[in-house]
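Here's the structure, in structure tokens; my notes come after.
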Amino acid sequence: MKWLKSINIEIDWFLVFLVIAVIIYVPFACVYCSIKWLYCQLPWVSKRIKEKKILAAKLEELKKTKIRKMVAKIKELEEKLGLQERLFPIHYDPFYYKNPKPEEPDIYRDVIENTGPTTLERIAYYKDLRQKVKSGFRSADIIVAVNVNNADFIYKTKECNVLLFVRNECYACPDEAKPAKRVLHGEYEDEIRTLAECGPYQDYFVVNVPGRFNYLAVVENKEERLSKYIDDFKQKYKKPVQKDIAI
């Protein structure tokens, strides 16, 4: 058939041009590589290349040293704020709903093990902790959190379950409450978002608020049912203030 013959002719010409291109390119590539190699063997050029390598190695080591020092300072600040057992943290409260999304891997990725937070994330986290220590930051005694079922939230009613993170030194713990650390590291941890930054999780227990609530109303603090529940909870479980008695 004619169209098959035309395809064969086109393929033959393509192969011819490919062979010619390779024949022309290979000698030039060999000459270029040879000249480049000879140029690099010149004493002053070779010396300059070695100096650049040494400088690059020193800069890399300096970067590692600075990262190690920053990590040590971050650990010290975490201890002052009561944050414990944290692995590759980049936020004071990893479950806070306003936290920016983690950065994609890039040239700033940790040069020590090529894992964990980026250098920019470490710097932002360090500055945040330092500011909190300087200002004497203390998270609220009661913090509202939402537990969103993604399918319902996105496609249906945009309603959510509500949790209360309650500081155990200020309020008595109800029988049905659970430790915050167990809740946050349980089956539904990816669906929980705190609406205010929560401090050391070991200082809090979690109470499930009955019913479902409109997400936007909860975020904007306009949900009257939730406000009433919190007021009733405070009245019922608030621990009496212990005053020092002067003798």
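In this chain, residues are counted from 1 in sequence order. Computed over heavy atoms, backbone and side chain alike; hydrogens, waters and symmetry mates excluded.
Taking Y96 as the reference, nothing meets the ring-ring contact (aromatic ring centres under 6.0 Å, His included) condition, with sequence neighbours excluded. Legend: residues meeting salt bridge (Lys or Arg N to Asp or Glu O under 4.0 Å) with K234, ordered by chain and number and at least two apart, are absent. Taking R138 as the reference, D141, E169 meet the salt bridge (Lys or Arg N to Asp or Glu O under 4.0 Å) condition, with sequence neighbours excluded.
Distance alone, capped at 3.5 Å, is enough to place a donor-acceptor pair between the Q202 side chain and the G82 backbone. N168 contributes a side-chain N or O that, together with a main-chain N or O of D203, makes up a donor-acceptor pair within less than 3.5 Å. Checked by atom type and distance alone, the side chain of R225 pairs as donor or acceptor with a backbone atom of R212 at under 3.5 Å. Put simply, the side chain of R122 never gets that close to the backbone of I74: no donor and acceptor are under 3.5 Å apart.
Considering every non-hydrogen atom in both Y171 and K239, the closest pair reads O-CE, 3.4 Å. Annotation for C198 and F165: closest pair SG-CD2, 4.0 Å, computed over non-hydrogen atoms. Minimum interatomic distance between F213 and V162 (heavy atoms only, all atoms of both residues): CD1-CG2, 3.4 Å. For the pair L195 and V219, the tightest heavy-atom approach, listed with the atom from each and the gap, is CD1-CA, 4.0 Å. Considering every non-hydrogen atom in both Y229 and V207, the closest pair reads OH-CG1, 3.6 Å. When all heavy atoms of L83 and G199 are compared, the pair lying nearest together is CD2-C, 4.4 Å.
The CG atom of L129 sits 10.5 Å away from atom NZ of K75, with the distance rounded to the nearest 0.5 Å. For the atom pair CZ of R182 and CZ of F205, the computed distance is 13.5 Å after rounding to the nearest 0.5 Å. Distance check: E223 CD to C160 SG gives 8.5 Å after rounding to the nearest 0.5 Å. How far OG of S227 is from CG of D232: 11.0 Å, rounded to the nearest 0.5 Å. The distance from atom CG of D128 to atom CG of L77, rounded to the nearest 0.5 Å, is 10.0 Å. Here the straight-line distance linking atom CZ of R130 with atom OH of Y125 works out to 14.0 Å at 0.5 Å rounding.
Counting heavy atoms from C-beta on, the side chains of N161 and N208 never come closer than 4.5 Å. Here the side chains of L163 and V209 are not in contact, with every heavy-atom distance at 4.5 Å or above. The shortest side-chain heavy-atom distance between D93 and Y201 falls under the 4.5 Å cut-off. A heavy-atom distance below 4.5 Å is found between the side chains of Y204 and S139. Put simply, the side chain of V183 does not reach to within 4.5 Å of the side chain of F95, judged on heavy atoms. Using a 4.5 Å heavy-atom threshold, the side chains of F233 and V166 count as touching.
The number of heavy-atom neighbours closer than 6.0 Å to CD of E224, taken from other residues, nucleotides and ligands shown, is 12 or below. Other residues, nucleotides and ligands place more than 12 heavy atoms under 6.0 Å from the CG atom of D231. Heavy atoms of other residues, nucleotides or ligands lying less than 6.0 angstrom from NZ of K132 number more than 12.
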| task | Under the side-chain hydrogen bond (donor to acceptor under 3.5 Å, both in side chains) rule, what do Y92 and N99 come out as? Steps first, then yes or no, please. | result | CA-CA 9 Å; Y92 175 78; N99 285 338; over 6 Å; no
| Hey, mind stepping through L164 and V206 against side chain to side chain contact (heavy atoms under 4.5 Å, CB included) and telling me if it holds? | CA-CA 6 Å; L164 296 183; V206 176; over 6 Å; no
